[in-house]
Each structure stands twice: as C-alpha cells, then as structure tokens.
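So the structure is just underneath, and the comments pick up after that.
No hydrogens, no waters, no symmetry mates; every other heavy atom, side chains included, goes into these values. We're numbering straight along the sequence, starting at 1.
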Amino acid sequence: MGTETARSVHGRVDRPILYRWGAWCARRAWRVIAVWALVIVGAGLLVPKFTDSLTGSSLKVDGSDSARVETLLTEKFASPVSEDAVVVFDSTRHTADAPAYRAAVGAAVAALRDQEGVLDIADPYAADDPTLFSEDRRTLLVPVGLGGDERDRQDTVPRIQDTLDDVAADGEGVDVMLTGSSALNAAVVEQQDKDLARAESIGLPIALLVLLAAFGTLVAACLPLLLGVVALVTSFGALGAVSGVVSFDVFSQAVVTMLGLALGIDYCLFAVTRMREELAARKGDVPAAVGATMATAGKAVLFSGCTVIISVAGLLVVRAPVFRTMALGVMIAVAAMLAVATTLLPAVLGLLGPRIDKLAVPGMKRSVRTTDVSRSGWARWTKVVMRRPVLVGGLTSVVLLLAILPAAQLKLGFDVGASAVSDAPAGRGYELVADKFVPGAATPLQIVLDKPAGALDDADLAALEQLTERLRDNDDVAEVQSVTDVLRQQAGGVDAAGLRTLMEAAKQDGEGLGRLIATDGRTTALAVLPREAADSDASVDLVHWIRDTAVPDTVGERDGTSAFVGGLSAQTVDISEEVSRATPLVLALVLGLSFILLLLAFRSLLLPLSAIVMNLVSVGAAFGLLTLVFQEGHGASLLDFTSGGFIQAYLPLLTFVILFGLSMDYEVFLISRMKEEWGHSRDNTRAVTEGVAHTAKVITAAATIMMVIFAAFMITKVVEVKQMGFALAVAVLVDATLIRVVLVPALMRLLGSSNWWLPGWLDRVLPRVELTEGSAPPPDDAPARDEAAGRPREEPAARG
C-alpha cells in the first residue's frame, strides 16, 4: 500500500491506492453489493456446517503423556477404547434389586451393545461388583468404553443418550444418564449455543442504543450494526468451509462471536465517523469522501486488523490443538471482517452518501452536525492532563498497579463444566456419581506401560504388580484395575507364562483381557479411579505423584519400558505445563512482530515501545481483576458462579493475545490521528490534544459497544466464556479510560518531540507503509478552511 502523495504532471495530487479503491467501490456500489449478496448467501449455507462440527474443550497436548496414552489405547489394544464413560441408573421408586430396575438395566445394556461407538459394556449384575451399586442401592453404574477421537466420541454420545432416553421412557421410574468427559463436553456445546443466542439478544439492542447516542441518526447507527452481523455470518461461513479438515472447539464459537460483533461494529463505527467528517469537508463529493475515509480510517482498520491477526498467530506455536484451532478461527474471522470493512463498507457508504444522516433521533440532532473538537470537553480534559502529566500519570499508574498485583497469584486449572450443564443428563449423572460414589469414577486416570523391546516378562509383571499395590495404598485412589489382579484370580500367580495362557484363552472365547493387555503382549493398561473430581487439586496432585514418584520407584526405565499417565486430570496437568513452556515464546513473537508493524505504521521508535507497554499494562490489569474475581471469588454471587480457586487452564494465554490485539486497536486509531495532526503542525502538544479530541468520542462509543457485547457473555453458564467475557470487558474499560485518555497523553507530553523520532538510517531502510502521511488528499477548499480556522496550511511535501 503506497501512502505518499506526489504532484502529477498535471499538477494534481496523486491519490494513494486506498483512496482510489474506496472511490472505485463508491462509484460501483451496486456491483460490489451484488457480489457480497452472493457471498453472504453462500456463507449462510455454510454456517450450520461449522456449528454442527463443534467439539467440546479439548485439553490434548501433542507429544504429551496423556496424548501418548490415547494413541496407545487406540492403536495397540484389541478393544481400542479411548475413553471410559459411565451410564448412571437412578430411581426414587425402586432399588436396584426390583424387577423394573433390572429390566431397565438389561434393556439399556442390550441396546448399547449394538450402538456404534460403544466398544465395551458389561451387565453389572453378572459382574457382581459391589462398587457399582450405591449404599442405598437406588443408583447403579455401568462402565462404558467409547472409541474414536474426540470428535467421533462427541458425535456418539448424543445418540447414546437418545437410546437411553427411550429405555427410560419404557421403564417405570428409572432415570438413565450417560456421563463422562465427552458427554459433558457435548452438553456444554448445546448449553453454549443457547447462551450465545441469549447474549446476542441482549448485547445487540444495547449496542444499537450506544450507536444512536454516538451518531444521533438511525441510518448511521444501524450501519455498523448491520455490517457487524454480516462480518460475523461471513466469518462463520468461512469457518464452515474449513471445518471438514479442522475440528473447532466450542469455545472458538464464543470467541469468534464476541470478536466478530465487537470488532466488526467498531471498524464500521470508525469508518462511518470519518465518512461524516469527509462529507462535510468535501461539500458532498461522495466518491472523494469515501476515498478519503478509506485512506485514513480504512488504513487504520487494516493495520489494526493485521495487529490482531499477528497477535493471535502467536498461539500457533503452542503444541495444543485447542490453541491452534482457536488461533485459526480468530484469524479467519478477523480477515473476514477486514474484507467487509474494505469492500462492502465503502460500497454502502458510497450508496448512502449524505443519506447516512437521515432519520435523526429527536433530541440528538447536535451530534449530526460537525463541531469544533478543539473546544470540546475532551480537548479541555487533555489539556488538563498535559499540564500536570507527572501528577495525573502517576496517580493513574498507582491505580493500574493495584489492579495488576493480584495477577501474581494466578493459578491454572480446569473446570469440566458439570455445573454449567447441571440440568442436562450428563450433568445430573456426574452429580450422582460425585454424591453417591467417588467423583473420579466418571473420569478415571489411565496408566499405560509400553515395552517396545518385547513381550512383558516376569520382572515386568512384578514391577506392574508393585505399582498397582503402591497406587492402592494412596489415600486419593479409590480403585485400581490391573491385569495382575486377573492373573492372580484366574492363573493363581503373576508371571509371563500365566499371562500367555490367559491371552490364548481370551482369543478362543473372545472375552477377557482386551482392555488390559495389548494383542502383542507388550503393552498393558491400568485404570485408576481417583476419590476426588477430575478438576480438583487432589486429582492433579495425584497425577504428579504417579509420574514423579510411583512410576519411577516401581517401573522405572527398564529395558526401554515407558509408563504414561492419561485421563482428564492428566490432560489438565499437561496443558498447564505446555502453557508455561509456550508463554515466553508467544510473548516474544507477539511483542516483536507488533513492534515491527507499528514501526512501519508510525515511523517512530518510541511510539511502538510505548504502545506495547500501555497494552501490557491494560492486559495485566485485566488479569489482576480476573484473578481477584474468578479465582478468589470476590463478587461470585453477583456474577452467579462458584469459584474453583483457579482460572481455566488455556484462558490466560488466549486472553493475552486477544486483549493485546484489541488494545492495539485503539492505540492505532488514536496515534494515527495524532500523527496526522503532527504532520500539519509539528507541535507535539497540539498533535496529542487534537488526536485525543478527534478520537475520544468515537473510541468511547466503540469501547462502550465492546464492553456491552463482552459483558453480555458474562451471563452464560459456561465458566470459560464467563471468564473471557469478564476479562475482555474489563480490559476494554481500562484501556479506553485510564490508558487512552489519561496515561497515553501524559506519557506523550513527557516525551515531547521524541515521540516522533526515528534514526535517519532506519528511516531510509524501512519501506514507506506508514498510516497517515499524505494518506488523505485534501479537498479543493482545504487552504481556505485552514486559514479560516486560524492556522496556515502546510503543503503536502512538508508532511511527515
């Protein structure tokens, strides 16, 4: 994108590419809109493909212990069970010994044996296992082995629950519920769909009211809202197009919805505001006004969107699909928003022209007319800040530091989401397991011992038995299932010869050891039922103890034998460790690439550095308040949640990159307007004052819209969506108030003309792609207007 203007051979000002593009779209508005109509129809057809393919929150980390366990279970065992789930039977009318109860259990077991995706299920009465019956014998558990990957399992569990609902309907007062990791995830997906629809129904009308207050006319207010929805539909359609090869986490739907609406509306808001100014300055020349709008606000939108994309792209280095798919989803969504803002928006602006100010709201007509911002309240406030930069900036810094401090105590964990779906069968079943059995029964740990060098020998089996007993001696373990127990019961001892005999017998009758020993005899699995829930501190500590103490003390590294620990609690540990490993790398990438982009945008050495520091401050304040509320539980009753004593494991890193991009959004709009004024006057104080005065109102309106949309998502039941909505809303509030209109002006006043300094050698090396220099050619009457305003107009050659 070229941005410099130069005199042509005819003495006219050459137009930069975005100016020419905006004017072209304005002159051919109906053609552009027709193309977009086809795009929207196609995107709308693809939206269901995206929403239907969503999976629950995955904690898988490539190359981790838990991922290795899932791979070994799937590839090596005759019964490739990748997840242990539980069917819960419960009745207030019958005990488990009643004929009606037994009939319901028998019907369910028979139906599930033929169900696709169910690899293992046994009749609990035939198994005669007392641990499957509650003390009051009104609740009964039937373990179920599910196969396939996460997406397959979450497609399977709704069908299983439908089958169980039919059994319950035919029974007499016996409720039947499937619960476990995939069942809970599927229920969370369904609940989040309801929550998102509710949040949108609350956020969009309030956003319209804010836009009406900002613009004062119905047409101008509805335009950003309409195009924001178009951007969201386009984003979902684009994600639907790639969902056949990429599985998107359900949380990505919430993030894309929040960002799609907020950024889409914001980008259009900035453009519409600039369009109204340009229309007034250019005496109704619509193509020229649209071209100037795209050369200023449009270019700022492009740089802002690219900054968000660069920030989110940092997540691609994390070795966890939840981060990579989230990054891909947000990047596609922002790219779709930029496409709307740079093609459809200028066409619609060209079509509307002066009609953008039609349908004025009674009592708000002043906001339609152009006013002298140099005499506005924002200009007066900025002058106060710049007269006392040390005092005002110092007090603001103290407030922000107090907000940041709690972030030092931030602790990662994982909430399985049972409380969010307590009304669904998976949630009710999970609560019954927790109340009447041990919570870990629904989400057991899996330990896999693998010996690539050959079949397990006597020494291996002795070590395995020692590990089994060591696990049983741990107070946090309720039960252990091991092949060594089968050997003692059926072969009379634990040795390799007895194991071979049992495996041969199992091949003959088709039953027995498929879940416990691999077909080649080199790999064995143990199921460990923790006493506490999978997302509890006790279960997480148990995983650390097994990996760091129990396994090294018993199995160790013998003949290449390796032991891996999997299951939901183990995944929580693995993703927390991966976040800790990847965070420095993500920070370096995001900060480094953002600095380069801003260096190109502003052609200043200090402005990119100060922008990054300001953004880190706003993100830190958001994390501090997030910790105070959701980890420490302050205000839990007000926000309708129960604190688990931690923040969702993948949330901080994801929130950081999104917040950094959003914070840079306002920084780009604010500094680009200051740079524009600096190009006119070469007066730092005036540039800062004029920049804040011109952008504060629209930034405040944009921030208010963002806060409303983000805050609307705090009404959801799903804890990570609630935490994300809170963090984003708080960050935008801090950023648009304390940062942009207090701390930034104070800091820029202290730095003075150094704000705009760039070493000469660097200026010569850098390509000229900055935001504002000459980007909007002046209208023909610009000199007269500038002189009337009491300031001399500089020639274009003197800018920059």
Side-chain angles (χ1 to χ4, degrees), residues 210 213-214 270 273-274 277 300 366-367 369-404 602 604 606-607 609-618 620-622 663-704 706-707 730-757 772 786 789-791:
V210 175
F270 284 112
T273 301
R274 188 62 185 242
E277 294 180 11
R366 274 182 57 84
S367 62
R369 297 195 297 266
T370 303
T371 58
D372 185 1
V373 296
S374 63
R375 295 185 176 89
S376 67
W378 288 113
R380 292 193 296 271
W381 164 253
T382 307
K383 290 174 183 177
V384 170
V385 172
M386 299 188 74
R387 278 198 298 268
R388 300 285 188 274
V390 175
L391 176 63
V392 177
L395 291 175
T396 304
S397 299
V398 170
V399 172
L400 290 170
L401 180 61
L402 291 175
I404 293 171
F602 298 137
S604 162
L606 290 182
L607 285 179
L609 290 175
S610 63
I612 287 173
V613 171
M614 294 297 102
N615 291 347
L616 290 176
V617 168
S618 64
S663 299
M664 199 64 76
D665 183 27
Y666 295 141
E667 184 78 11
V668 167
F669 283 105
L670 175 62
I671 302 299
S672 62
R673 195 57 184 256
M674 291 180 181
K675 184 86 188 298
E676 195 172 331
E677 296 298 330
W678 167 259
H680 285 295
S681 65
R682 296 292 180 173
D683 183 331
N684 179 71
T685 301
R686 178 173 180 170
V688 174
T689 303
E690 291 285 316
V692 173
H694 275 91
T695 61
K697 181 180 178 180
V698 68
I699 285 179
T700 301
T704 303
M706 274 198 177
M707 285 188 291
V730 168
V732 170
L733 174 63
V734 170
D735 194 73
T737 54
L738 298 178
I739 301 291
R740 299 304 155 207
V741 296
V742 180
L743 207 54
V744 168
L747 179 62
M748 294 188 72
R749 173 66 179 86
L750 292 173
L751 293 176
S753 59
S754 299
N755 287 305
W756 317 101
W757 176 74
T772 58
D786 285 336
R791 66 174 184 254

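A donor-acceptor pair under 3.5 Å links the side-chain atoms of Ser604 to the main chain of Asn755, judged by distance alone.
Between atom OG of residue Ser754 and atom CE of residue Met748 there is a gap of 11.0 Å, rounded to the nearest 0.5 Å. We find the CZ-CD distance between Arg274 and Glu277 to be 5.5 Å, quoted to the nearest 0.5 Å. In this structure, CE on Met614 lies 11.0 Å from CG on Leu609, to the nearest 0.5 angstrom. Note that CG of Asp735 and CG of Leu743 are 10.5 Å apart. Values are rounded to the nearest 0.5 Å. Once rounded to the nearest 0.5 Å, the distance linking CG of Leu738 with OG of Ser397 reads 9.5 Å. For the atom pair Phe602 CZ and Met674 CE, the distance stands at 9.5 Å (nearest 0.5 Å).
Judged as a side chain to side chain contact (heavy atoms under 4.5 Å, CB included), and not counting sequence neighbours, the contacts of Leu391 are Arg388, Leu395. Qualifying side chain to side chain contact (heavy atoms under 4.5 Å, CB included) partners for Ala736, counting only residues two or more places apart in sequence or in other chains: Ile699, Ala703. Residues passing the side chain to side chain contact (heavy atoms under 4.5 Å, CB included) test with Val742 are Trp381, Val392, Thr396, sequence neighbours excluded. Under the rule for a ring pair (Phe, Tyr, Trp, His ring centres under 6.0 Å), the partners of Trp756 that lie at least two apart in sequence or sit in another chain are Trp678. A search for side chain to side chain contact (heavy atoms under 4.5 Å, CB included) contacts involving Leu616 returns Leu591, Ile612, Phe656, Phe660, not counting sequence neighbours.
Of all heavy-atom pairs between Leu750 and Pro389, the closest is CD2-CG, 3.7 Å. Listed here is the closest heavy atom pair of Ala746 and Gly393: CB-CA, 4.1 Å. Ala379 and Ala693 get closest at one heavy-atom pair: CB-CB, 3.9 Å. The heavy-atom pair separating Asn684 from Gly752 by the smallest distance is OD1-O, 3.2 Å. Residues Gly691 and Leu670 approach most closely at O-CD1, 3.9 Å, considering heavy atoms. When all heavy atoms of Ile739 and Pro745 are compared, the closest pair comes out as O-CD, 4.2 Å.
You'll find the side chain of Val692 stays beyond 4.5 Å of the side chain of Val744, heavy atoms only. In this structure the side chain of Thr700 never reaches within 4.5 angstrom of the side chain of Val741, judged on heavy atoms.
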